[in-house]
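The residues of the chain are indexed from 1 along the displayed sequence.
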Amino acid sequence: MSGQESRDIWFEGVFMRVQASTYETGGSMSMMEQWLPASWSPPLHVHAREDQLLYVLEGELRVKIGDGDLVTVEAGSSVFLPRNVPHGVIAGPDGAKILEINTPGGFEQFHVDASEPATEARIPDPKDVDVDKLVAAIQPYDAQFVGPPLG
């Protein structure tokens, strides 16, 4: 990823910017900035290859890890999501801005594969989720959806 246009994407209602790709870090990690609209939540999912750290820059995020209860992560705090443990997140009522750090890198490419280039740095207009596209895009990354979105 060398051009800014390939770094900014719209992924299922979220603005994302690739800050560090697996290609730039020799595969060791990746980092994406994400702007989540209010109450946004992806399907419950699990990664087999990478651990994730989510750092909340603004707003709040509620997180479910495994069979645990929802925990609230506020701005200035982080949460660790270990590989092989299902997890989900839901943005707070005012949305959230977060950093997603994956070790090793590579999972950022799933988001790129299942997105469209962002024409500007903003949360995109809402549209229907293309479930078939998401399921097909996640399979090469040893991850899978295991439940519905939170909320």
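For the side chain to side chain donor-acceptor pair (under 3.5 Å) with Asn102, the qualifying choice from Arg49, His47, Glu50, Gln52 is Gln52, the only one to do so. The only member of Val135, Leu134, Asp130 that meets side chain to side chain contact (heavy atoms under 4.5 Å, CB included) when paired with Asp132 is Asp130.
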Arg62/Leu150 under side-chain contact (heavy atoms from CB on, under 4.5 Å): CA gap, chis, key distance, verdict: CA-CA 9 Å; Arg62 287 172 285 158; Leu150 300 177; over 6 Å; no

Salt bridge (charged side-chain N to carboxylate O under 4.0 Å, His left out) between Lys127 and Glu116, worked out: CA-CA 13 Å; Lys127 68 176 191 172; Glu116 59 189 81; 2.9 Å; yes

Val79 vs Ile65, side-chain contact (heavy atoms from CB on, under 4.5 Å): CA-CA, chis, key distance, verdict: CA-CA 10 Å; Val79 62; Ile65 304 171; 3.8 Å; yes

Verdict with supporting geometry, Asp94 and Lys97, salt bridge (charged side-chain N to carboxylate O under 4.0 Å, His left out): CA-CA 10 Å; Asp94 296 323; Lys97 289 186 179 180; over 6 Å; no

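Side chain of Lys133 to backbone of Ala137: no donor-acceptor contact under 3.5 angstrom is found. Glu24 contributes a side-chain N or O that, together with a main-chain N or O of Ser21, makes up a donor-acceptor pair within less than 3.5 Å. Using modelled atom types, no side-chain atom of Ser30 and backbone atom of Ala20 make a donor-acceptor pair closer than 3.5 Å.
Thr22 and Gly105 get closest at one heavy-atom pair: OG1-C, 3.5 Å. Shown here for Pro37 and Ala91, the closest heavy-atom pair between the two residues is O-CB, 3.3 Å. The shortest heavy-atom contact between Pro43 and Phe145 is CB-CD2, 3.5 Å. Of all heavy-atom pairs between Ile138 and Gln144, the closest is CD1-N, 4.3 Å. Thr103 approaches Arg83 most closely through the heavy-atom pair O-NH2, 3.5 Å. Closest approach of Ala38 to Pro93, counting heavy atoms only: CB-O, 3.1 Å.
Grouping the Ile, Leu, Val, Met, Phe, Trp and Tyr side chains by contacts below 4.5 angstrom, directly or via other members, places Ile123 apart from Leu61. No single ILVMFWY cluster, assembled from side-chain heavy atoms under 4.5 Å apart, contains both Val18 and Met29. Under the 4.5 Å side-chain heavy-atom criterion for Ile, Leu, Val, Met, Phe, Trp and Tyr, Leu36 and Met16 are members of the same hydrophobic cluster. Residues Met32 and Ile90 are members of separate hydrophobic clusters, defined by side-chain heavy-atom contacts under 4.5 angstrom among Ile, Leu, Val, Met, Phe, Trp and Tyr. Put simply, Val112 and Trp10 are part of two different groups of oily side chains (I, L, V, M, F, W, Y) that touch within less than 4.5 Å, one to the next.
You'll find the side chain of Arg122 stays beyond 4.5 Å of the side chain of Phe15, heavy atoms only. Residues His87 and Phe80 form no side-chain contact, since every pair of their non-hydrogen atoms from C-beta on lies 4.5 Å or further apart. Within the 4.5 Å cutoff, side-chain heavy atoms of Asp113 are placed close to those of Gln109. No side-chain heavy atom of Glu12 sits under 4.5 Å from any side-chain heavy atom of Ser115. A 4.5 Å side-chain heavy-atom check between Leu57 and Leu99 finds at least one atom pair inside the cut-off. Contact check for Leu70 versus Val63: no side-chain heavy atoms found under the 4.5 Å cut-off.
To the nearest 0.5 angstrom, Leu81 atom CG is 12.5 Å from Asn84 atom CG. Residue Glu100 holds its CD atom at 4.5 Å from CD of Gln34, rounded to the nearest 0.5 Å. In this structure, the separation between CD1 on Ile98 and CG on Leu53 is 10.0 Å, given to the nearest 0.5 Å.
Side-chain atoms of His111 and Glu108 include no donor-acceptor pair closer than 3.5 Å.
Crowding of Asp69 atom CG: a count of heavy atoms from other residues, nucleotides or ligands under 6.0 Å not exceeding 12.
Residues Phe110 and Phe11 bring their aromatic ring centres within 6.0 Å.
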